[in-house]
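Computed from heavy atoms alone, side chains included, the values below leave out hydrogens, waters and symmetry copies. Every number for a ligand or one of its atoms is a count from 1 in the order of the listing.
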Amino acid sequence: MVICLPKPIHSLEKRLLKVLNKKKKLLEEVAIESSLSLDQTRRAVEWLKAKGMLKTEVEQTKKIFLDNEGKKAALDGLPERRLVEQISKAGGKIIFSELKKKCKFTPQEFSVAFGNAKKRGWIIVSSQNNSVIVKLNQVELSTPQEEIIKKIFHSKFQIEKITPEEKKNLEILKKRPKYIKEEEIKKIKIYLTPLGVKTVNSFEEKDELDKLTPELLVSGGWKGQTFRHLDVEAPSPILFPGKKHPVQNFIDEVREIFVALGFEEIIGSIIQPCFWNFDALFIPQDHPAREMQDTFYLSDIKMNIIEDKKTMQNISRVHENGGDTGSIGWGYKWEQTKSKDAVLRTHTTAATIKYLSDYKPKEARVFSIGRVFRNEKVTYKNSAEFHQIEGIAVGEKVTLRDIMGLLGKFYSKLGLKKVKFWPTFFPYTEPSLQSMVYFEEVNKWVELCGMGIFRPEVTEPLGVKNPVLAWGGGLERLVMLRLGITDIRELYSNNLDWLRRIPMCR
Ligand code: PHE
């Protein structure tokens, strides 16, 4: 028979319930009887309390300890005891000043010890030939106060069992500085409520099993057993395990989407010669984007461009007069030295264009995710350093519709279903489009990736014959919208509390 208990009972709770009844028991006692650790007992008590099966009562008591002077007295005897020992060593009689020297007490200690010895009748004081003589009288072997000190010292003193006589003497001891220490102690007593009693009575002889193990399954031993019900509503602690940074997490998600769409990842260097960042993309050498206020230059560095002369000549020709592409070019004198200037790449398009030059593919699908840099003022929406997602698709018959379809697919995999495309301008694509995505949470259309088909002025000098679809755009904006952040700086401020609470998925 399976018993239907109002709430599932954990095995710790069960062990505790079995040793409890209506009588109040100390938590420590219960722990021993149920063979649980104190910690386990405390936990099970809290759970059972929440289920209304037991109640607790706190009892405040005092614990008595010996302080430093008290400990000294326990080991060497009370000062008055040591004082009479000195007299006895001296043969039962001593001059007062002599005694004072021998005792090695502080003046205050000596006067207390002397006073007490006299009060107890342990000594008799007289004067003889102008000096004070101290003589030993009747000395008890032990006083009630010494007994108390001994008891506390040997942990045999229980405040609950104190006699009126002991109480009086303890009070006297407490007046001696640094003899007695007191500590308030809370004692927790536990007892069952009627519901607890009912639950205990409903326990079956045979124990419930906690787990269905592979062994039980193999042996068939599970048959006829009762298993502990799981309490799916039981509170659990909030855990903050180590996890990826939300930006990295998003990068990985994007990476998975592109890989699933049949794309291969390429990685480019963040330091690029102008040649790859600008020239190869048909961006004229006097283009405003190249200005220092837009681009970070590495001062005094000229980079070697490992490229066959022909490509370099082609690019120079296309800039100057359009080369074989049918266009008239930009009509200026292209300078090789300018193309060697080193920059922090301003876009990841530098990586895809280099790939095209290296492999001259007839067909390809590659993507890149990486950091880019722009000399911009850092504000809530701009950062000088951010990530871009970039990609190209090469094929004989690819068209603008394909790139719209592809980006639409990418966004929809991120959960963004409403996408619009807008004509725009980039020096290296024709036609060019800007994509806009609708974010329901903020009820806003947001500009995301730019895209287009690389112009013949870009592909022909590299020897790429088939059309190349290209797109690229910022990544942080997507992360921010997803996490509901309005300030880009928040992503990189390393606020631990925020990082801990950011969920890994939604
Ligand atoms: N490089 C562009 C940017 O940084 C994006 C882009 C890439 C546009 C490829 C068209 C083609 O915004």
So the atoms of ligand 1 within less than 4.0 Å of a heavy atom of Met451 turn out to be 8 (C), 10 (C)
Which donor-acceptor pairs under 3.5 Å do side chains of residues 189-197 form with protein atoms, sequence neighbours excluded?
{"residue": "Lys189", "atom": "NZ", "partner": "Glu59", "partner atom": "OE2", "Å": "3.2"}
{"residue": "Thr193", "atom": "OG1", "partner": "Gly52", "partner atom": "O", "Å": "2.8"}
{"residue": "Thr193", "atom": "OG1", "partner": "Met53", "partner atom": "O", "Å": "3.0"}
{"residue": "Thr193", "atom": "OG1", "partner": "Leu195", "partner atom": "N", "Å": "3.4"}
{"residue": "Thr193", "atom": "OG1", "partner": "Gly196", "partner atom": "N", "Å": "3.2"}

Numbered in order shown, the ligand 1 atoms found under 4.0 Å of a heavy atom of Ala470 are 9 (C), 11 (C)
The protein heavy atom nearest to atom 5 (C) of ligand 1 is Gly472 O, 3.3 Å
Under 3.5 Å, which donor-acceptor pairs link side chains of residues 459-473 to any protein atom two or more places apart or in another chain?
{"residue": "Thr459", "atom": "OG1", "partner": "Arg455", "partner atom": "O", "Å": "3.4"}
{"residue": "Asn466", "atom": "ND2", "partner": "Lys362", "partner atom": "O", "Å": "2.7"}

Is the terminal nitrogen or CZ of Lys417 (NZ for Lys, CZ for Arg) located under 6.0 angstrom from the six-membered ring centre of Tyr438 and within 45° of that ring's axis?
no
At under 4.0 Å between heavy atoms, what of Glu447 touches ligand 1? The answer is neither
- Task: Decide, yes or no, whether a salt bridge links Asp294 with Arg374 under the criterion of side-chain N to carboxylate O below 4.0 Å.
- Result: no
Ion pair check, Arg290 and Asp286, cut-off under 4.0 Å:
no
Quiz item: In terms of side-chain geometry, is the basic nitrogen of Arg501 or Asp497 positioned less than 4.0 Å from the acidic oxygen of its partner?
Solution: yes
Short version for Tyr428: what comes under 4.0 Å of ligand 1, heavy atoms counted, is side chain
Checklist entry - With a 4.0 Å cut-off, would you call Glu13 and Arg43 a salt bridge? => result no
Contact region, Gln388 to ligand 1, non-hydrogen atoms below 4.0 Å, reads side chain
One finds that the ligand 1 atoms under 4.0 Å from a non-hydrogen atom of Thr349 are 1 (N), 7 (C)
Of Glu390, Arg345, His347, Arg374, the one whose closest heavy atom lies nearest atom 7 (C) of ligand 1 is Glu390
Nearest heavy atom to atom 8 (C) of ligand 1, choosing from Gly474, Gly473, Gly450, Pro427, belongs to Gly450
